[in-house]
Student: 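Okay, handing you the structure first.
Lettering of chains follows the sequences in order, A, B, ..., and the numbering in each one begins at 1.
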Amino acid sequence: MTVTVRFAPSPTGKLHVGNVRAALWNWLFTRSRGGEFILRIDDTDKERSTKENEDRIRSDLEWLGLCWDKTFSQSSRFSEYDRVSDAFRDRQLLYPCYETAEELDRKRRLQRTRGLPPVYDRAALDLTDAQRGAFEAEGRRPHWRFKLSHETVKWIDLIRGETVVDTASVSDPVLIREDGMYLYTLPSCIDDIDYSISHVIRGEDHVTNAGVQIEIMKAVIEVRRAGALPRFAHHSLLIGADGQGLSKRLGSLSIEQMRADGIEPSAITSLLAKLGTAEPVLPQPNIMELAKSFDFEKVGRAPARFDESELVALNAKILHELPYAAIANRLSAIGVSEELWNAVKGNLSRIADASLWKAVIEGEIDPVIEDRALSEKAASLVPMGPLTSDSWDSFVNEVKAQTGAKGRALFHPLRLALTGMEKGPEMAAIFPLIGGEKARVRLSGKRA
RNA sequence: GCCCCCAUCGUCUAGUGGACUAGGACGCGGCCCUUUCAAGGCCAAAACUCGGGUUCGAAUCCCGGUGGGGGCACCA
């Protein structure tokens with residue numbers, strides 16, 4: 001079976017951990033099966049969609065490595081949507097309604113106080129031509145609802161197993177607004193059929209929608225006389241580390257923000273690919289490796305916790321294993337040489353922190369003198385001439401022999417004097433980079 | 001309010017009536033190593049949401065409580 005999936009963000013906001021997880025799973029699934037990944041921009045809402053958001057979404061996806069094989073915007077396909085909705089009207093699948101938003105709201109509140117679910121009562125179906133004419137004469141324009149079958153829709157969800165939606169418990173969905181604008185539902189169904197989407201992979205907030213959409217898709221297939229229903233996979237949503245829903249904090253969880261915070265794309269994909277599955281979360285710099293092990297069988301049904309501190313920790317691990325060549329351009333941009341990178345990477349949690357160590361090693365610092373006698377003695381023992389990777393050991397041995405200090409009492413004052421920091425990279429690696437001249441000055445307590 | 005889904009170590013989970021003394025990974029703690037921190041190696045601690053029922057036997061099946069998530073838009 002040919003696999004074709006789509007990720008369909010709406011350019012009304014930014015990409016965040018929640019929707020990126022859906023994008024990633026679509027991508028991993030289709031890559032693991034040699035299929036296609038389509039990026040569809042759901043921009044039917046002209047007022048809220050912006051070009052900036054769309055550009056941001058594309059650049060975030062590219063940054064994450066989620067390349068697409070095909071992309072299009074729904075705003076380019078209105079004529080197709082018109083064609084299908086005309087056919088729906090002919091088949092009485094689409095009916096005009098004249099209630100205002102306030103009237104609908106009042107109806108819902110009334111149902112709720114009676115303990116009933118707020119489902120549309122289909123009053124518009126009983127309207128006579130004369131009544132409709134009267135509304136039109138009043139200046140009202142209709143919005144259009146799709147007439148659901150009121151039967152039970154059933155499908156085998158790849159994650160949830162057999163799933164059932166009773167369409168009698170759902171309102172007939174509004175497909176076209178009073179102003180003639182399409183809501184996302186119909187365009188989405190038409191596109192999924194026209195582009196032969198084989199699998200719809202998304203969050204479980206769409207489970208009820210799937211029931212409705214299956215009915216609409218069936219009608220689209222009839223109109224088009226072609227196409228097939230996709231299979232569905234609805235995954236649970238992420239919750240915060242506090243066990244509460246994520247929606248309120250989404251701003252701080254945007255990909256844009258993470259990128260600004262120095263999180264590597266592979267840290268995000270490594271975590272999001274495995275979180276909520278039976279497989280361990282491990283640093284995986286290669287996203288294709290993630291695709292190889294992707295399997296719906298291993299996905300749990302319960303909401304999974306997304307903890308930012310876990311992402312930060314994973315980011316550090318990825319950095320520790322990152323060879324210079326993989327990020328050479330980014331490092332040279334901040335003036336970090338391969339030598340420097342290899343000396344300090346084991347202590348970084350963000351790449352940008354390399355410049356911090358660059359400043360310590362190459363710039364000037366005020367040394368911290370913890371043991372004046374020891375550091376002054378040490379200053380006189382720094383080997384003359386260029387330092388090598390062996391210099392540190394012989395230097396420390398000499399200091400030990402002449403002062404009697406050992407262990408922490410030996411190391412700690414030297415580190416503080418030479419770097420001004422409590423902890424940091426392996427001294428043997430950074431000692432030659434600091435250089436003998438600077439080391440002598442710092443050990444004697446002067447800025448250098 | 002109504003409907004749907006879910007519930008195992010701190011976290012993600014394995015587990016489909018006896019093979020469970022409940023397994024793994026991450027994290028946490030301890031030890032070793034490195035003449036400091038980190039990294040690495042080793043070792044430990046740590047869980048079946050509660051109450052009923054079915055059964056010779058329940059983490060596993062059923063009912064109920066509690067808790068969490070989702071849905072019920074002229075948003076997506």
Student: Check every strand shown and say whether A:S169 touches a base, only sugar-phosphate, or nothing at a heavy-atom separation below 4.0 Å.
Tutor: nothing
Student: Taking atom types as modelled, find out whether A:E339 and A:Y324 have a side-chain donor-acceptor pair closer than 3.5 angstrom.
Tutor: no
Student: How is A:S236 classified with respect to the nucleic acid when contacts are heavy atoms under 4.0 Å: base, sugar-phosphate, or nothing?
Tutor: nothing
Student: Have a look at A:H143 and say if it touches a base, only the backbone sugar-phosphate, or nothing, with a 4.0 Å heavy-atom cut-off.
Tutor: base
Student: At under 4.0 Å, does any side-chain N or O of A:R301 touch on OP1 or OP2 of B:rC6?
Tutor: yes
Student: Using 30° and 60° as the class boundaries, would you call the ring planes of A:F296 and A:F294 parallel, tilted or perpendicular?
Tutor: perpendicular
Student: To the nearest Å, give me how far apart CG (A:D166) and P (B:rC5) are.
Tutor: 13 Å
Student: Which part of the nucleic acid does A:Q111 contact within heavy-atom distance under 4.0 Å: base, sugar-phosphate only, or nothing?
Tutor: nothing
Student: Is it the case that A:R145 places NZ or CZ above or below the six-membered ring of A:Y120, under 6.0 angstrom from the centre and within 45 degrees of the axis?
Tutor: yes
Student: In Watson-Crick or G-U wobble terms, both distances under 3.5 Å, what is the partner of B:rC2?
Tutor: B:rG71
Student: Could you tell me how far B:rG40 sits from B:rG27 if I compare only their P atoms? Round to whole Å.
Tutor: 8 Å
Student: Distance only, no hydrogens: is a donor on one side chain within 3.5 Å (strictly under) of an acceptor on the other, for A:Y81 and A:T44?
Tutor: no
Student: Would you mind reading off the distance between A:L186 atom CG and B:rA73 atom C1', rounded to a whole angstrom?
Tutor: 17 Å
Student: Whole-Å distance between B:rG70 P and A:R21 CZ?
Tutor: 13 Å
Student: Considering every strand and a 4.0 Å limit on heavy-atom distances, what is the contact class for A:K298: base, sugar-phosphate, or nothing?
Tutor: nothing
Student: Paired with B:rA39: which nucleotide, if any, by Watson-Crick or G-U wobble criteria at under 3.5 Å for both distances?
Tutor: none
Student: Under 4.0 angstrom, heavy atoms only, what part of the nucleic acid is A:V396 near: base, sugar-phosphate, or nothing?
Tutor: base
Student: What integer distance in Å separates A:R160:CZ from B:rA7:P?
Tutor: 12 Å
Student: Please tell me which of the listed nucleotides, B:rC37, B:rA25, B:rA73, lies nearest to the side chain of A:E426?
Tutor: B:rC37
Student: Under 4.0 angstrom, heavy atoms only, what part of the nucleic acid is A:N209 near: base, sugar-phosphate, or nothing?
Tutor: base
Student: Compare the minimum distances between each of B:rA14, B:rG69, B:rC74 and the side chain of A:P303, then state the nucleotide with the smallest one.
Tutor: B:rG69
Student: Can you check the A:R415 CZ to B:rU35 C1' distance for me, whole Å?
Tutor: 13 Å
Student: Looking across every strand, which nucleic acid part, if any, lies under 4.0 Å from A:T44 by heavy atom: base, sugar-phosphate, or nothing?
Tutor: sugar-phosphate
Student: Tell me whether A:E80 is salt-bridged to A:R83, with the criterion being a basic N under 4.0 Å from an acidic carboxylate O.
Tutor: yes
Student: Only one of A:R6, A:K70, A:R40 passes side chain to side chain contact (heavy atoms under 4.5 Å, CB included) with A:Y195; say which it is.
Tutor: A:K70
Student: What nucleotide among B:rC74, B:rU36, B:rA76 has an atom nearest to a side-chain atom of A:V174?
Tutor: B:rC74
Student: In this structure, how many angstroms lie between the P atom of B:rG68 and the CD atom of A:E204, rounded?
Tutor: 16 Å
Student: Please confirm whether the shortest side-chain N or O distance from A:R112 to OP1 or OP2 of B:rC72 is below 4.0 Å.
Tutor: no
Student: Once hydrogens and angles are ignored, does a donor-acceptor distance under 3.5 Å link the base of B:rU11 to the side chain of A:R305?
Tutor: no
Student: Using the C1' atom as the reference point in each nucleotide, state the distance between B:rA76 and B:rA39 in Å, no decimals.
Tutor: 46 Å
Student: Tell me which nucleotide among B:rG68, B:rU35, B:rU36 gets nearest to the side chain of A:L410.
Tutor: B:rU35
Student: Counting the atoms with a prime plus P, OP1 and OP2 as sugar-phosphate, which does A:D105 contact under 4.0 Å by heavy atoms, base, sugar-phosphate, or nothing?
Tutor: nothing
Student: Could you tell me how far B:rA25 sits from B:rC33 if I compare only their P atoms? Round to whole Å.
Tutor: 25 Å
Student: What nucleic acid atoms does A:D179 come within less than 4.0 Å of, heavy atoms only: base, sugar-phosphate, or nothing?
Tutor: nothing
Student: Taking only the side-chain heavy atoms of A:I239 (C-beta and beyond), determine which of B:rU11, B:rC6, B:rG69 contains the nearest atom.
Tutor: B:rG69
Student: Using the P atom on both, measure B:rC61 against B:rG15 and round to a whole Å.
Tutor: 12 Å
Student: Could you please name the partner base of B:rC26, counting Watson-Crick and G-U wobble pairs only when both distances are under 3.5 Å?
Tutor: B:rG10
Student: Hunt down the Watson-Crick or G-U wobble partner of B:rU60, both distances under 3.5 Å, from any strand shown, or write none.
Tutor: none
Student: Check every atom of B:rC2, B:rG70, B:rA25 against the side chain of A:L282 and return the nucleotide holding the closest atom.
Tutor: B:rA25
Student: State plainly whether the residues A:R177 and A:D179 are in salt-bridge range, i.e. N to O under 4.0 Å.
Tutor: yes
Student: Please check: side-chain N/O of A:Q111 versus main-chain N/O of A:V119, any donor-acceptor pairing under 3.5 Å?
Tutor: yes
Student: Rounding to an integer number of Å, can you tell me how far A:E279 CD sits from B:rA25 C1'?
Tutor: 11 Å
Student: Taking any heavy-atom pair under 4.0 Å as a contact, classify A:T277: base, sugar-phosphate, or nothing.
Tutor: sugar-phosphate
Student: Does any donor atom in the side chain of A:K298 or A:S293 lie under 3.5 Å from an acceptor atom in the other side chain?
Tutor: no
Student: Base, sugar-phosphate, or nothing: which does A:E178 touch, judged by heavy atoms less than 4.0 Å apart?
Tutor: base
Student: Less than 4.0 angstrom between a side-chain N/O of A:K317 and OP1 or OP2 of B:rA38, yes or no?
Tutor: no
Student: Indicate, with a heavy-atom threshold strictly under 4.0 Å, whether A:G424 touches base, sugar-phosphate, or nothing.
Tutor: base
Student: Indicate, with a heavy-atom threshold strictly under 4.0 Å, whether A:H320 touches base, sugar-phosphate, or nothing.
Tutor: nothing
Student: Under 4.0 Å between a side-chain N or O of A:R108 and OP1 or OP2 of B:rA73?
Tutor: yes
Student: Taking CG from A:D121 and P from B:rA73, how many angstroms apart are they, rounded to a whole number?
Tutor: 13 Å
